[in-house]
Visitor: 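Submitted below is the structure of interest, expressed as structure tokens.
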Amino acid sequence: MRIRYISGTLGLCLTLSAHAQVVSDTIKRVDLSEVVVTGSYRHMQEKKTALTLDLLQKDYLDRHFTGNLMQTLKNIPGVNSMDVGAGFSKPMIRGLGFNRIAVSENGIKQEGQQWGADHGLEIDAFNVNEVQILKGPSSLLYGSDAMGGVIEILPVLPPQQNEVFGEAALLGKSVNGTVGGSLMLGIKKDAWLLKARFSEQHYGDYRVPTDTVVYLTQLMPVYGRKLKNTAGYERNASLLADYRKDRYRMNVAVSNAYQKMGFFPGAHGIPDISRLEDDGDSRNIELPYSTVNHLKVTTHQQYLWDGIQLSGDFGYQLNNREEWSEFHTHYDNEVMPGKDPDKELAFKLHTFSSSLKLRLVGSSSWEHTAGWDAQMQKNTIGGYSFLLPEYRRFTTGGFWLTTFRPNNRFSVTGGVRYDFGKIDITAFEDPYLAEYLRGQGYKEDMIQSYQWRSYPVNRTFGDYSGSVGVVWTPSVGHLLKMNVGRSFRLPGANELASNGVHHGTFRHERGDASLSSEQGWQWDASYTFTRRGMELVFSPFASWFDNYIYLKPTGEWSVLPHAGQIYQYSGAKALFMGGEVNFNIDFLRHLNYRFIGEYVYTYNRDEHTALSFSPPASMRNVLTWERKGVQVYAELQTIASQNRIAKNEDRTSGASLCHMGGSVRLPVAGTEVEMSLGVYNLFDVKYYNHLSFYRKVEIPEPGRNFQVSIKVPFKQLLK
């Protein structure tokens, strides 16, 4: 890590680039023990990790704010965004997504229905001040759901002085008429910090650079080049109380995120051209649509002794997701529900989480961390359709991590973890389907296999993970890292027991109750070369899975109406490999050039094909001019075609996109106003995101988009 003095205080030397501001060294925070040395920098008691880590601070997040956390982070090499139109997004790191990526806020993993491609991340982007992205296997510290990486939203540091502070923010986008805003108020008084925020965004149907889309050889019109019924809104509120005195510190955070978003009618169920006709209102939300409400209550507790730190994180989450679609009779004898007849699916997930960590610093050379965590979940269901049964899930695990640093140039870190899991899945019987199949003349054995949409499942799992890594600085300006380890993931309820039509994916998805845990060996390395005004980072990786769980087309057609082919969750031997390169250089005093490249190769060793949702190779060339608080950039983004696809997956052609933007900080009335303006897809290029939820229906990505963001901070010292 490069360190220099800034304004007489010790700070982290950050690499300024056109489209990111990330820490030039890869640093892993095992816990949250920071000491404030200035109002803007953290002096951290840190551990260097052998994994690749990017730290994005408030400056980067403000300048590239989009109102959507994942669309802001997708510019980081190795990080991709799986989008649902212009509204929802979910993370993917190095080709791994869904339940393989953990998102942590205030020390607690975000838990919801993240197994679905149409399920976004319910986090207020206005309320994020600093993000840490850990690429690579992280099961050791974060549990089995982090085998692909971690996105950790770091807690806010309180001001040094007693003061009242706040922020007003505005956001606007042209592509879908977004109008958003946020207001934050806080007070720091002695040992206490109180902070509250309310945010809201409304958006209409988004524009696409095409007049028609094609699904199953059927042309579907896009009237006015606006994708009908893709409007939505989100409303978020949060409250934080933080207390720090002597050796004790704690915080309590409460947040509620609500989102409502329409689905393009041609992507939900059987396409019907009559439903695509323009209704003259681009901001209304009609059927079909989804709603999600995510309530979260968390607390962090920490106490320090000499060389010992004990910390605990505890939380409760309620994720309530519903999908609404006009009731349609799949079977002749199906009865319309008396209450909420258009509620197609409902999932209500309760999650209780706890985590304890004990950190021991015996000397300047040795450091140890022991941890234990546990989680309990209960999921209930509703609606006239069926996809996933009710279930209860309990997981617990413990780990030990140790680091040996004989000198400041070399360190070795190793650890081991064991996890235990138990899941109890409730049976579900569909008598209407049984009568329908009898009327269609099916044999009784097939009727019985379909009548029981979910059999009772009561299983336990146990597995371990471990890793060892080294960090070596052979000379000034050179840094080498390498890590190898075994990781695992316990199968989710959807992989064990789902059985029904998943609208939007256009298939019948079926779980396998006999699946074992996902297992694999993962290798990660990086080399960093720094010289005055220049930095080069190369990060290769490889993962070898013996039991990678994926949806496999069976070649069997479902007897369910409107279902199509059955896709079965199955285990396979799989290979992931690739890497990222990040190069930037300052020249001519105020100019910076940055190049980012990334590539992921996936291979199903059983089927001899690529795996689905494999991101294509891409690169970015960014030129930035910056001086006295003014920044202007121009970017050329090149996306390669994706021809290495899984069975029944569509190829995606490549594209070249141009983006431009800038930001300025203006002193106004004793504060500093930040204004950012950007134009994305400048030439309105028609292109496809291979990871998009709407890719199956040949819907291109949003067209040209002008975006403006204004943030006005303010503060008043208290006497």
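Count residues from 1 along the sequence.
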Visitor: Under 4.5 Å between any side-chain heavy atoms of Ile123 and Glu105, yes or no?
Guide: yes
Visitor: Let's go through Phe126 and Phe65 carefully: what are the C-alpha distance in whole Å and the side-chain angles of both, what is the deciding distance for ring-ring contact (aromatic ring centres under 6.0 Å, His included) to 0.1 Å, and is it a yes or a no?
Guide: CA-CA 8 Å; Phe126 286 98; Phe65 184 75; 4.7 Å; yes
Visitor: Search all heavy atoms of Ile101 against all heavy atoms of Pro91 and return the closest pair with its distance.
Guide: CG2-CG, 4.0 Å
Visitor: With rounding to the nearest 0.5 angstrom, report the OG1 to CZ distance, Thr638 to Arg620.
Guide: 10.0 Å
Visitor: Quick one: do the Asn236 and Ser199 side chains pair a donor with an acceptor below 3.5 Å?
Guide: no
Visitor: Looking only at atom types and distance, does a side-chain atom of Thr230 sit under 3.5 Å from a main-chain N or O of Leu227, one as donor and one as acceptor?
Guide: yes
Visitor: Side chains of Glu111 and Gln317: any donor to acceptor distance under 3.5 Å?
Guide: no
Visitor: Without swapping roles, check the side chain of Ser526 against the backbone of Ser539 for a donor-acceptor pair under 3.5 Å.
Guide: no
Visitor: Distance from Ile153 atom CD1 to Gln132 atom CD, nearest 0.5 Å?
Guide: 11.5 Å
Visitor: As an exercise, state the distance from OG of Ser89 to CG of Asn68, rounded to the nearest 0.5 Å.
Guide: 4.0 Å
Visitor: So, do Phe613 and Phe98 have ring centers that fall under 6.0 Å from each other?
Guide: yes
Visitor: Working note: Arg665 + Glu672, criterion salt bridge (Lys or Arg N to Asp or Glu O under 4.0 Å); need CA distance, chi angles, decisive distance, verdict.
Guide: CA-CA 6 Å; Arg665 290 187 173 93; Glu672 194 173 67; 3.7 Å; yes
Visitor: Cut-off 3.5 Å, side chains only: do Glu580 and Asn582 have a donor facing an acceptor?
Guide: no
Visitor: Apply the test side chain to side chain contact (heavy atoms under 4.5 Å, CB included) to residues Asn75 and Tyr60: give CA-CA distance (whole Å), side-chain angles for both, the deciding distance (0.1 Å), then the verdict.
Guide: CA-CA 11 Å; Asn75 298 311; Tyr60 165 77; 4.0 Å; yes
Visitor: Just checking Arg207: does its CZ atom have more than 12 heavy atoms from other residues, nucleotides or ligands closer to it than 6.0 angstrom?
Guide: no
Visitor: Strictly distance-based, threshold 3.5 Å: is any side-chain N or O of Lys135 a donor or acceptor partner for the main-chain N or O of Pro77?
Guide: yes
Visitor: Taking atom types as modelled, is there a side-chain donor on Asn681 or Asn705 under 3.5 Å from an acceptor on the other?
Guide: no
Visitor: Any side-chain heavy atom of Arg235 within less than 4.5 Å of one from Phe198?
Guide: yes
Visitor: Measuring only between side-chain heavy atoms, which start at C-beta, is Pro713 closer than 4.5 Å to Phe165?
Guide: no
Visitor: Closer than 4.0 angstrom, basic N to acidic O: yes or no for Glu626 and Arg63?
Guide: yes
Visitor: Is it true that the side chains of Arg197 and Asn127 contain a donor and an acceptor less than 3.5 Å apart?
Guide: yes
Visitor: Knowing that exactly one of Arg651, Arg695, Glu649 qualifies, which makes a side chain to side chain donor-acceptor pair (under 3.5 Å) with His690?
Guide: Glu649
Visitor: Rounded to the nearest 0.5 Å, what separates atom CE in Met675 from atom CG in Leu170?
Guide: 10.0 Å
Visitor: Within a strict 4.5 Å, meaning less than it, do heavy atoms of the Leu691 and Pro615 side chains meet?
Guide: yes
Visitor: Between Lys228 and Asp278, is there a donor-acceptor pair closer than 3.5 Å when you use the side chain of the first and the backbone of the second?
Guide: no
Visitor: Hey, does the side chain of Arg94 reach the backbone of Gly579 with a donor-acceptor pair shorter than 3.5 angstrom?
Guide: no
Visitor: Is any side-chain heavy atom of Trp324 closer than 4.5 Å to a side-chain heavy atom of Glu326?
Guide: no
Visitor: Are side-chain N/O atoms of Ser238 and Ser255 paired as donor and acceptor at under 3.5 Å?
Guide: no
Visitor: Which heavy-atom pair separates Met70 from Asn80 by the least distance, and what is that distance?
Guide: CE-O, 3.8 Å
Visitor: Quick one, Val208 and Glu701 - any side-chain contact, counting heavy atoms below 4.5 Å?
Guide: no
Visitor: Compare every heavy atom of Gly67 with every heavy atom of Leu171, then report the nearest pair and how far apart it is.
Guide: CD2-CA, 3.7 Å
Visitor: Asp205 and Asn229: side-chain donor and acceptor closer than 3.5 Å?
Guide: no
Visitor: Give me the atom names and distance for the closest heavy-atom approach of Gln642 to Ile645.
Guide: O-CG2, 3.8 Å
Visitor: Start with the C-alpha gap between Val581 and Ile596, add the side-chain angles, then the distance that decides, and say whether side chain to side chain contact (heavy atoms under 4.5 Å, CB included) holds.
Guide: CA-CA 6 Å; Val581 60; Ile596 299 173; over 6 Å; no
Visitor: Decide yes or no for Phe538 and Thr528: does some side-chain heavy atom of the first lie under 4.5 Å from some side-chain heavy atom of the second?
Guide: no
Visitor: Work out which heavy atom in Ser282 is nearest to a heavy atom in Ala231; give both atom names and the distance.
Guide: O-CB, 3.8 Å
Visitor: Taking side chain as C-beta onward, heavy atoms only, is Ile151 less than 4.5 Å from Ser104?
Guide: no
Visitor: May I ask you to check whether over 12 heavy atoms, not counting those of Lys260, lie within 6.0 Å of atom NZ?
Guide: yes
Visitor: Shortest non-hydrogen contact from Thr210 to Pro700?
Guide: CG2-CG, 3.6 Å
Visitor: Testing the 3.5 Å rule here: is there a donor-acceptor pair between the side chains of Ser614 and Thr602?
Guide: yes
Visitor: Thr298 and Asn106: side-chain donor and acceptor closer than 3.5 Å?
Guide: yes
Visitor: Look at the rings of Tyr233 and His202 and say which category their plane angle falls in: under 30° parallel, 30 to 60° tilted, over 60° perpendicular.
Guide: parallel
Visitor: As an exercise, state the distance from CD of Glu152 to CG of Leu53, rounded to the nearest 0.5 Å.
Guide: 9.0 Å
Visitor: Between Asn176 and Thr178, is there a side-chain donor-acceptor contact under 3.5 Å, judged purely by atom types and distance?
Guide: yes
Visitor: Is it true that the side chains of Asn592 and Asp586 contain a donor and an acceptor less than 3.5 Å apart?
Guide: yes
Visitor: Out of curiosity, Gln57 CD to Asn129 CG, how far, rounded to the nearest 0.5 Å?
Guide: 10.5 Å
Visitor: Treating Arg704 as the side-chain partner and Leu682 as the backbone partner, does any N or O pair qualify as donor plus acceptor under 3.5 Å?
Guide: yes
Visitor: Between the side chains of Glu635 and Asn621, does any donor sit under 3.5 Å from an acceptor?
Guide: no
Visitor: Please tell me whether Thr66 and Gln71 have a donor and an acceptor in their side chains that are separated by less than 3.5 angstrom.
Guide: no
